[in-house]
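Written out below as structure tokens is the structure these notes cover.
Atoms within a ligand are numbered from 1 in the order they appear, just like the ligands themselves. We number each residue from 1, following the sequence as shown.
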Amino acid sequence: MAGLSASLLWAAMAQAQSATPVPENAAFEVEQVFAGTCGFCHSDGGRAAGKGPQLMNSPRDDDYIRSRIKNGKQGAMPAFDGAFTDAQIDQMVKYIRALKPRDG
Ligand code: HEC
């Protein structure tokens, strides 16, 4: 009996593997997108202030950052709701959180 259920398990696993979908955000390179879209105002990939504030080591919480990216700020920063999916905006929040000074 144990042998039978093990082979059923193998069959199920093989099926699951062959059905692996292409990741939805495979082409979303957050660092490049940031440099191209945000870098005009957030200098050095967000490490330094420009027209906008430095984002590295932001004291703001994730929700604040997420909603700033979505809604922008009138007269200061464009809104990106619609330009990016929620998943992509989450990736940007993670990118901002992971920012470190450049070496050298
Ligand atoms: C046209 C210039 C401009 C562009 C482009 C821009 N920003 Fe901003 N951003 C600003 C300014 C100015 C502020 C400060 C707004 C304020 O006074 O609260 C800001 C604030 C922010 C904040 C909040 C920081 C804080 O501590 O208050 C985040 C996060 C942010 N921007 C992320 C982004 C991201 C991500 C992009 C690209 C998708 C982007 N910005 C594109 C100008 C810009």
Side-chain angles (χ1 to χ4, degrees):
M1 280 315 273
L4 179 62
S5 55
S7 60
L8 282 175
L9 187 64
W10 272 113
M13 280 168 62
Q15 210 172 24
Q17 274 174 8
S18 66
T20 305
V22 176
E24 197 184 320
N25 297 315
F28 188 72
E29 293 289 345
V30 69
E31 192 166 357
Q32 276 174 26
V33 171
F34 190 97
T37 311
C38 324
F40 178 63
C41 299
H42 299 284
S43 297
D44 197 10
R47 292 173 183 81
K51 293 173 188 290
Q54 174 186 316
L55 301 178
M56 182 174 67
N57 298 331
S58 172
R60 313 285 195 182
D61 64 24
D62 286 4
D63 282 346
Y64 183 99
I65 290 176
R66 203 174 287 123
S67 81
R68 173 65 89 238
I69 296 170
K70 275 192 172 191
N71 304 321
K73 173 138 178 180
Q74 202 166 17
M77 175 172 154
F80 291 94
D81 198 15
F84 302 122
T85 65
D86 284 358
Q88 288 170 335
I89 290 176
D90 279 353
Q91 279 183 261
M92 295 200 135
V93 174
K94 278 195 198 134
Y95 164 85
I96 289 168
R97 286 286 177 228
L99 280 172
K100 298 256 183 320
R102 291 189 197 278
D103 294 334

Partner residues of Arg66 under the salt bridge (Lys or Arg N to Asp or Glu O under 4.0 Å) criterion, sequence neighbours left out: Asp63, Asp90

Sequence-distant partners of Lys94, salt bridge (Lys or Arg N to Asp or Glu O under 4.0 Å), two or more places apart: none

Per-ligand residue contacts, ligand 1, heavy-atom threshold under 4.0 Å: Phe34, Thr37, Cys38, Cys41, His42, Lys51, Gly52, Pro53, Leu55, Ser58, Arg60, Tyr64, Ile65, Arg68, Ile69, Lys73, Ala76, Met77, Pro78, Phe80, Phe84

Asp62 and Arg97: CA distance, side-chain angles, deciding distance, side-chain contact (heavy atoms from CB on, under 4.5 Å) verdict: CA-CA 9 Å; Asp62 286 4; Arg97 286 286 177 228; 2.7 Å; yes

Gln91 and Tyr95: CA distance, side-chain angles, deciding distance, side-chain contact (heavy atoms from CB on, under 4.5 Å) verdict: CA-CA 6 Å; Gln91 279 183 261; Tyr95 164 85; over 6 Å; no

Nearest-0.5 Å distance that lies between atom CG in Leu55 and atom CZ in Phe34: 5.0 Å

Counting only pairs under 3.5 Å, give me each side-chain donor-acceptor contact of residues 36-47, with atom names and distances, residues two or more places apart or in other chains.
| from | atom 1 | to | atom 2 | distance (Å) |
| --- | --- | --- | --- | --- |
| Thr37 | OG1 | Val33 | O | 2.9 |
| His42 | ND1 | Pro53 | O | 2.9 |
| Asp44 | OD1 | Arg102 | NE | 2.6 |
| Asp44 | OD1 | Arg102 | NH2 | 2.8 |
| Arg47 | NE | Lys100 | O | 2.7 |
| Arg47 | NH1 | Asp44 | O | 3.0 |

